[in-house]
Asks: 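Sharing a structure with you now.
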Amino acid sequence: MRWLITGAGGMLGQDLCTVLAEAGADGVLPATRAALDITDAAAVRAAVAGVDVVVNAAGWTDVDGAEAAEDAATAVNGHAVRVLAEAAGARLFHISTDYVFDGTATAPYPEDAEPAPINAYGRGKLAGEEAVLANGGYVVRTAWLYGVHGRNFVRTMLRLAGERESVDVVADQEGPPTWSYALAGQVVALAGAAAAGRAAPGAYHGTAAGQTSWYGLARAVFAEAGLDPARVRPTTSDRFPRPAPRPTYSVLGHERWSGTGVPALPHWRTMLTTAMASLPAP
Ligand SMILES: NC(=O)c1ccc[n+]([C@@H]2O[C@H](COP(=O)([O-])OP(=O)(O)OC[C@H]3O[C@@H](n4cnc5c(N)ncnc54)[C@H](OP(=O)(O)O)[C@@H]3O)[C@@H](O)[C@H]2O)c1
């Protein structure tokens, strides 16, 4: 299969390229932003024309920045995705987010739950999802990603552990910490299942099983690193005001994987142990 990976320079994009290289895939076009700006409609149509699978890992990911620049964020996360979706149809595997939901649920959001974003980033991502689904493509919603590339919570905690005696971390948001490399493997497997006729287009949830708070994750990171988890202290989100409101509950259900032959991702805690063995020292 010939693959186009957009956003190939990002945290997930780099892991997608790694997974494909490890699988021995040839014909992979790793399109960084410099190589393919997805807001360039003509370039997108030309790039999509020659490939069998498109994974869109490109996105405006500055959640707080989107509040003051919603049009610019939606140009990338909504309008550009519509062009991709119209060009690629069922060949498109698009990465979306738990932020399309409002976070008021008390049980995991199923794949067909009603979206109701509470911030500008979520509204733009929802516009992208709607375009993909209307054109018969695949949406993979993820959340709370961390990995070896780029800035992310796990790497930040490892860095802060070396700089401070204690770290205050919010304990009033719940989610599924998810290793971007594991998600990359799942997305590649989903494309394989789709090619084999085992996975219908639509929305899938690419998040770890289980849930914890950012505080719980930080304690687990310290424990995995052989540090005292008591150095992490719980606090509340109102101590860290940010421009974009966050959903307080970001746990997603995984029913749609059954029947595809692609396993749902493992529990976040075992995943963290595996992941941290591969993270470089901060
Ligand atoms: N990180 C999370 O916790 C999380 C949670 C839920 C969903 N997601 C979704 O997962 C996907 C991947 O995110 P990530 O965590 O890997 O973020 P990331 O590291 O910020 O990667 C996003 C990539 O998209 C690129 N990009 C931005 N605008 C572009 C454009 N107009 N054309 C082409 N490329 C563009 C960025 O390039 P520059 O760096 O040069 O701007 C960056 O390389 C995104 O769709 C995001 O919404 C992430």
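Numbering of ligands and ligand atoms starts at 1, following listing order.
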Asks: Output yes when the distance from some N or O of ligand 1 to some N or O of Ile38 is under 3.5 Å, and no in every other case.
Replies: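 N/O-N/O distance under 3.5 Å: yes.
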Asks: If you take all heavy atoms of Asn77 and Gly59, which pair is closest and at what distance?
Replies: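 That closest heavy-atom pairing would be OD1-CA, 3.4 Å.
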Asks: Do me a favour and list the nearest non-hydrogen protein atom to atom 6 (C) of ligand 1 with residue, atom name and distance?
Replies: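 Nearest protein contact, heavy atoms only, for atom 6 (C) of ligand 1 is Thr142 O, 3.3 Å.
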Asks: Side chain, backbone, both or neither: which applies to Tyr99 and ligand 1 if a contact is any heavy-atom pair less than 4.0 Å apart?
Replies: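 Near ligand 1, Tyr99 shows nothing, with every heavy atom at 4.0 Å or more.
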Asks: For the residue pair Tyr204 and Trp257, is the inter-centroid distance of their aromatic rings smaller than 6.0 Å?
Replies: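 Yes, they do, as the ring centres are separated by less than 6.0 Å.
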Asks: Identify the heavy atoms of Ser237 and Gln173 that sit nearest to each other, and give their distance.
Replies: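 Taking every non-hydrogen atom into account, OG-NE2, 3.2 Å.
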Asks: Specify the closest pair of heavy atoms between Ala75 and Thr39, including all atoms of both residues, with the distance to one decimal.
Replies: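 That would be O-CG2, 3.9 Å.
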Asks: Could you tell me which atoms of ligand 1, counted from 1 in the order shown, lie closer than 4.0 angstrom to a heavy atom of Gly9?
Replies: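 With Gly9 as reference, the close atoms of ligand 1 come out as 43 (O).
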Asks: Before accepting this row, confirm whether a basic side-chain N of the pair Glu163/Arg159 lies closer than 4.0 Å to the acidic partner's carboxylate O.
Replies: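 Looking at Glu163 and Arg159, the cut-off is met.
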Asks: Is the shortest distance from a heavy atom of Gly150 to ligand 1 less than 4.0 Å?
Replies: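 No, Gly150 has no heavy atoms under 4.0 Å from ligand 1.
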Asks: Is the closest heavy-atom distance from Tyr146 to ligand 1 below 4.0 Å?
Replies: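 For ligand 1, residue contact (heavy atoms, under 4.0 Å) with Tyr146 is absent.
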Asks: If we set the cut-off at 4.0 Å for heavy atoms, which region of Ser96 has an atom near ligand 1: side chain, backbone, both, or neither?
Replies: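 The backbone, only.
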Asks: Check whether any N or O atom of Thr61, backbone or side chain, sits under 3.5 Å from an N or O atom of ligand 1, and answer yes or no.
Replies: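 Such a contact does occur with ligand 1.
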Asks: Heavy atoms only, cut-off 4.0 Å: how does His149 contact ligand 1, side chain, backbone, both, or neither?
Replies: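 No part of His149 is near ligand 1 at this cut-off.
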Asks: When you check the gap from the basic side-chain N to the acidic O, do Arg269 and Glu224 get nearer than 4.0 Å?
Replies: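 Looking at Arg269 and Glu224, the cut-off is met.
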Asks: What protein heavy atom sits nearest atom 2 (C) of ligand 1, and how far off is it?
Replies: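 Nearest protein contact, heavy atoms only, for atom 2 (C) of ligand 1 is Leu145 CB, 3.5 Å.
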Asks: Looking only at protein heavy atoms, identify the closest one to atom 12 (C) of ligand 1 and say how far it is in Å.
Replies: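 Looking at atom 12 (C) of ligand 1, the protein heavy atom closest to it is Ala57 O, 3.4 Å.
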Asks: Is the distance between the ring centroids of Phe153 and Trp214 less than 6.0 Å?
Replies: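 Centroid distance Phe153-Trp214: below 6.0 Å, so yes.
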Asks: Could you see which bit of Phe153 sits under 4.0 Å from ligand 1, with heavy atoms only: side chain, backbone, both or neither?
Replies: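 No part of Phe153 is near ligand 1 at this cut-off.
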Asks: When you measure from atom 40 (O) of ligand 1 to every protein heavy atom, which one gives the shortest distance, and what is it?
Replies: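 Atom 40 (O) of ligand 1 sits closest to the protein heavy atom Arg33 CD, 3.4 Å.
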Asks: For Glu111 and His254, which heavy atoms make the closest approach, and how far apart are they?
Replies: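 Shortest heavy-atom contact: OE2-C, 3.3 Å.
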Asks: For atom 30 (C) of ligand 1, what is the nearest protein heavy atom, given as residue, atom name and distance?
Replies: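 Atom 30 (C) of ligand 1 sits closest to the protein heavy atom Asp37 OD1, 3.6 Å.
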Asks: Do any N/O atoms on Asn56 end up under 3.5 angstrom from N/O atoms on ligand 1?
Replies: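 No - when backbone and side-chain N and O of Asn56 are compared with those of ligand 1, no distance drops under 3.5 Å.
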Asks: With heavy atoms of Ala58 as the reference, note each atom of ligand 1 found under 4.0 Å away.
Replies: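 Every atom of ligand 1 under 4.0 Å from some heavy atom of Ala58: 24 (O), 33 (C), 34 (N), 35 (C), 45 (O).
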Asks: Determine whether any heavy atom of Arg151 lies closer than 4.0 Å to an atom of ligand 1.
Replies: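 Per 4.0 Å heavy-atom rule, Arg151 does not contact ligand 1.
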Asks: Against heavy atoms of Leu12, which atoms of ligand 1 measure under 4.0 Å?
Replies: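 Those atoms are 16 (O).
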Asks: List every atom of ligand 1 that sits less than 4.0 Å from any heavy atom of Leu36, numbering the atoms from 1 in the order shown and giving each element.
Replies: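 The atoms of ligand 1 under 4.0 Å from a heavy atom of Leu36 are 32 (N), 33 (C).
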Asks: Show your working on side chain to side chain contact (heavy atoms under 4.5 Å, CB included) between Tyr249 and Thr106 and close with a plain yes or no.
Replies: CA-CA 7 Å; Tyr249 182 85; Thr106 53; 5.9 Å; no
Asks: Check this for me, if you would: do Arg246 and Asp64 make a salt bridge, where the nitrogen-to-carboxylate-oxygen distance has to be below 4.0 angstrom?
Replies: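 Salt bridge: yes.
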Asks: At their closest point, which heavy atom of Ala208 faces which heavy atom of Pro177, and how far apart are they?
Replies: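 Looking at all heavy atoms of both residues, the closest pair is CB-O, 3.3 Å.
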Asks: Tell me the protein heavy atom at minimum distance from atom 11 (C) of ligand 1, and give that distance in Å.
Replies: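 Answer, as residue, atom name and distance: Ile95 CG2, 3.7 Å.
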Asks: Counting non-hydrogen protein atoms only, what is the nearest one to atom 42 (C) of ligand 1? Give residue, atom name and distance.
Replies: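 Of the protein heavy atoms, Gly10 CA, 4.0 Å lies nearest.
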Asks: Specify the protein heavy atom at minimum distance from atom 26 (N) of ligand 1: its residue, its atom name, and the distance to 0.1 Å.
Replies: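 Here the closest protein heavy atom is Gly59 O, 3.8 Å.
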Asks: Please determine whether a side-chain nitrogen of the Lys or Arg among Arg141 and Glu129 lies less than 4.0 Å from a carboxylate oxygen of the Asp or Glu.
Replies: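 So Arg141 pairs with Glu129 through a salt bridge.
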Asks: Using every non-hydrogen atom in the two residues, find where Met271 and Pro266 come nearest and quote the distance to one decimal.
Replies: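 That closest heavy-atom pairing would be CE-CD, 3.7 Å.
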